[in-house]
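For ligands, and for the atoms within them, numbers begin at 1 and follow the listed sequence. Atoms considered below: every heavy atom in the structure, side chains included; atoms not considered: hydrogens, waters and symmetry mates.
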Amino acid sequence: MKGDLKMKEVKIIGESLSNMPWQDRPKGKCDPVWRYTENPIINRNPIKGVSRIFNSAVMPYDNKFVGVLRAEPINGRPLLHLGWSENGVDWEIEEEGIDFIDEDGKPYQPRYAYDPRLVKVEDTYYIMWCTDFFGPTIGMAKTKDFKTFVRLENPFLPFNRNGVLFPRKINGNFILLSRPSDSGHTPFGDIFLSESKDLKFWGKHRHVMSKGGNGWWQSMKIGGGAVPIETSEGWLLFYHGVVNTCNGYVYSMGAAILDIDEPSKVKYRSGNFILTPEKWYEEKGFVDNVVFPCATLHDADTGRIAIYYGAADTYVGVAFTNVKDIVNYVIDTHEAIEGDQHLGRI
Ligand code: BMA
């Protein structure tokens, strides 16, 4: 990082979270993001009948932390399980998957559910995941107590993935990022944004960010990652970028800053990845070479951010940064990518 004096002051706009997990940047290192030394925090076969937990979402809840976890049972078809943690790194995982009900109160269970995100908007918690609706698309549910989960209307047609709801309404509307896809392992894709007054009817669709650019790490597709963090510079978004190689897809993590009032506008995005598979738990697993961010915990008082990411479709890892460092890094390494300016209004 450059000298502290030249760096812009940046604040998280939000709540205090003094009990979030944290480790200082290792001495002598200047990377914008650094890994938790005890990674992975969730290992193989974490509970009976589940072989892997990865790409998972966490949030503060009731003075502890709640997780909505992507769990692959021993038949390999993913479902969502709840987890609980006092410190954000040691997790107690429920053995039964989440049971949903629909809006009429009837039991509902998705055929499969993966890559959950979790957010609180006003007094309600929302889960977004990839669900089956004649192919993969975005599923959504709400809860107030993590006991009753009400599945909401299908927000989108197939095929779509990586639904990420913003933590507050903008101009009276809910805002959702998504990545239109195909029914398989999608070899393309940009991030789009949609608005809704009621979480039922979605529209005002906009293009947000394109794949590509000078760097190759996000040349094939990108997808929204963690719920954006509100900062004094704009919405800080951690996302994934994918490159295709002789040995298959490689997933890295990037960061971007979106306009605070009109988040379909990209203010800055880092031309470089901020985390790429390098550790054994990221390079080798059920799917090699994947880091896939799904959530953050953050503390407005200190600017600390813990990023939760899936590693090699097998483990959960945590990485740290602070808002001032990461936002300055994104500004310094900003690369405007063709397509980011075409918001879809032309
Ligand atoms: C994507 C999703 C993710 C997964 C990634 C790498 O298409 O299925 O859940 O982590 O592929 O396998």
- Item | Residues Asn162 and Tyr239: side-chain donor-acceptor under 3.5 angstrom |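 There is no such pair (donor and acceptor under 3.5 Å, judged by atom type) between the side chains of Asn162 and Tyr239.
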- Query: Side chains of Arg161 and Thr186: donor-acceptor distance under 3.5 Å anywhere?
  - Reply: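 Side chains of Arg161 and Thr186: pair found under 3.5 Å.
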Heavy-atom nearest neighbour in the protein, as seen from [atom], with distance rounded to 0.1 Å:
atom	result
atom 2 (C) of ligand 1	Asp115 OD2, 3.4 Å
atom 7 (O) of ligand 1	Tyr251 OH, 3.5 Å
atom 8 (O) of ligand 1	Tyr114 CE1, 3.8 Å
atom 9 (O) of ligand 1	Arg70 NH1, 2.6 Å

With under 30° as parallel and over 60° as perpendicular, where do the rings of [X] and [Y] fit, or are they tilted in between?
X	Y	answer
Tyr126	Phe174	perpendicular
Trp84	Tyr61	tilted
Phe320	Tyr36	perpendicular

- Message: Distance under 4.0 Å to a non-hydrogen atom of Asp313: what atoms of ligand 1 satisfy this?
- Response: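 In order of numbering, the contacting atoms are 4 (C), 6 (C), 10 (O), 12 (O).
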- Message: For Tyr249, which part has a heavy atom under 4.0 Å from ligand 1: side chain, backbone, both, or neither?
- Response: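 The answer is neither.
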- Can you tell which part of Arg161 has a heavy atom less than 4.0 Å from ligand 1: side chain, backbone, both or neither?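 Neither; nothing of Arg161 gets under 4.0 Å from ligand 1.
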- Any N/O of Asn55 closer than 3.5 Å to an N/O of ligand 1?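 By distance alone, the answer is yes.
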- Message: Please tell me whether Phe192 and His205 form a close aromatic pair, meaning their ring centres lie under 6.0 Å apart.
- Response: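 Ring centroids of Phe192 and His205 are no less than 6.0 Å from each other.
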